[in-house]
Asker: 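My questions all concern the structure below.
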Amino acid sequence: MSNQAPNQARVIPLRPPARQEPARPQSAAPAPREPLWRHLVGDVLRRERLAQERTLKDVADAARISMPYLSEVERGRKEASSEVLAAAAHALGLGLGDLLSRAQGELIRLTSRHSPVRSRGTAGSSYDGLCLAA
């Protein structure tokens with residue numbers, strides 16, 4: 001017989017307990033977080049919509065997507081499919097390539113503020129291509 005009270009349930013954790021990371025020295029600054037792609041794309045969509053002085057409803061109707069969903073995409077809360085991104089871009093007079101190129105430019109702008117970490121190539125090389133994975 002166990003030493004538990006009769007009305008207590010025995011709990012078995014599904015995940016192992018989290019490991020404690022060794023403490024970092026106070027002088028080490030945390031590495032900056034890279035922005036998520038959905039945030040970059042959403043920012044580009046919102047900036048373009050506001051630059052055109054169009055409402056969320058207007059663009060959502062033109063793109064044939066729901067207004068709440070477009071709002072979530074603009075805020076970076078939803079990972080939109082390529083079809084949804086293309087529809088939103090076209091509703092704003094952009095091609096999908098234009099949208100992705102602007103998001104890439106924003107990514108480069110944001111990540112170049114911090115010292116670049118180069119894992120491949122030569123120290124002076126730069127990458128000016130676009131690579132998406134599904």
Side-chain angles (χ1 to χ4, degrees):
M1 187 128 225
S2 77
N3 59 357
Q4 291 181 340
N7 290 333
Q8 283 187 329
R10 186 171 150 222
V11 177
I12 301 172
L14 296 178
R15 295 183 189 153
R19 295 185 316 179
Q20 291 285 20
E21 294 292 324
R24 284 194 276 178
Q26 291 289 43
S27 63
R33 296 182 79 189
E34 288 195 83
L36 297 176
W37 185 249
R38 68 177 184 254
H39 292 152
L40 297 169
V41 171
D43 288 344
V44 169
L45 287 172
R46 175 167 282 168
R47 273 198 313 270
E48 184 62 31
R49 178 178 62 79
L50 294 175
Q52 294 180 15
E53 298 180 354
R54 293 175 66 185
T55 65
L56 196 59
K57 181 174 179 6
D58 176 43
V59 175
D61 288 346
R64 301 190 67 180
I65 57 180
S66 76
M67 190 174 69
Y69 189 74
L70 180 58
S71 175
E72 294 282 303
V73 170
E74 281 190 356
R75 288 184 285 150
R77 295 193 177 181
K78 295 290 183 186
E79 290 277 358
S81 68
S82 58
E83 291 87 357
V84 169
L85 293 178
H90 289 286
L92 292 166
L94 300 172
L96 182 59
D98 298 324
L99 173 65
L100 299 181
S101 177
R102 290 180 185 192
Q104 178 199 17
E106 185 68 9
L107 176 63
I108 291 169
R109 185 183 69 77
L110 291 173
T111 56
S112 66
R113 289 183 194 168
H114 311 290
S115 60
V117 176
R118 298 185 192 273
S119 60
R120 295 184 182 185
T122 62
S125 69
S126 67
Y127 179 74
D128 193 22
L130 178 65
C131 178
L132 297 177

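Throughout, residue positions are numbered sequentially from 1 according to the sequence presented.
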Asker: Taking all atoms of both residues into account, what is the closest heavy-atom pair of V41 and A103, and its distance?
Answerer: CG2-CB, 3.9 Å
Asker: What side-chain donor-acceptor pairs closer than 3.5 Å can you find for residues 64-71, not counting sequence neighbours?
Answerer:
| from | atom 1 | to | atom 2 | distance (Å) |
| --- | --- | --- | --- | --- |
| S66 | OG | Y69 | N | 3.1 |
| S71 | OG | R75 | NE | 3.3 |
| S71 | OG | R75 | NH2 | 3.4 |

Asker: Could you walk me through whether L92 and R54 satisfy the side-chain contact (heavy atoms from CB on, under 4.5 Å) test, starting with their C-alpha distance in whole Å, then the side-chain angles of each, then the deciding distance to 0.1 Å, before giving a yes or no?
Answerer: CA-CA 9 Å; L92 292 166; R54 293 175 66 185; 4.1 Å; yes
Asker: Under a 3.5 Å distance rule, please check whether E34 uses its side chain to pair with a backbone N or O of T111 as donor and acceptor.
Answerer: no
Asker: Which pair of non-hydrogen atoms, one from L45 and one from A88, has the smallest distance, and what is that distance?
Answerer: CD2-CB, 4.1 Å
Asker: For A86 and L96, work out which heavy atoms get closest and say how close.
Answerer: N-CD1, 3.9 Å
Asker: Answer yes or no: is there a donor N or O on one side and an acceptor on the other, between the side chain of R77 and the main chain of E72, under 3.5 Å?
Answerer: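 Here the side-chain-to-backbone pair does not exist.
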Asker: With respect to V44, which candidate in Q104, H39, R102 satisfies the side chain to side chain contact (heavy atoms under 4.5 Å, CB included) definition?
Answerer: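 Of the listed options, the one satisfying the test is R102.
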Asker: How would you list, by chain and number, every residue that makes a side-chain hydrogen bond (donor to acceptor under 3.5 Å, both in side chains) with K57, sequence neighbours excluded?
Answerer: D61
Asker: Measure the CG-CG distance between D43 and L107 for me, rounded to the nearest 0.5 Å.
Answerer: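 The CG atom of L107 is 11.5 Å from CG of D43, to the nearest 0.5 Å.
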Asker: Can you name the closest pair of heavy atoms from L85 and A80 and give their distance?
Answerer: CD2-CB, 3.7 Å
Asker: Looking at K78, is its backbone amide N or carbonyl O close enough to the side chain of R38 to form a donor-acceptor pair, meaning the two atoms are under 3.5 Å apart?
Answerer: no
Asker: Looking at every heavy atom in both R49 and L56, which two are closest together, and how far apart are they?
Answerer: NH1-N, 3.5 Å
Asker: Within this structure, what is the CG-CG distance for the pair L100 and L94, rounded to the nearest 0.5 Å?
Answerer: 10.5 Å
Asker: Where do A89 and G95 come nearest, in terms of heavy atoms and distance?
Answerer: CB-O, 3.8 Å
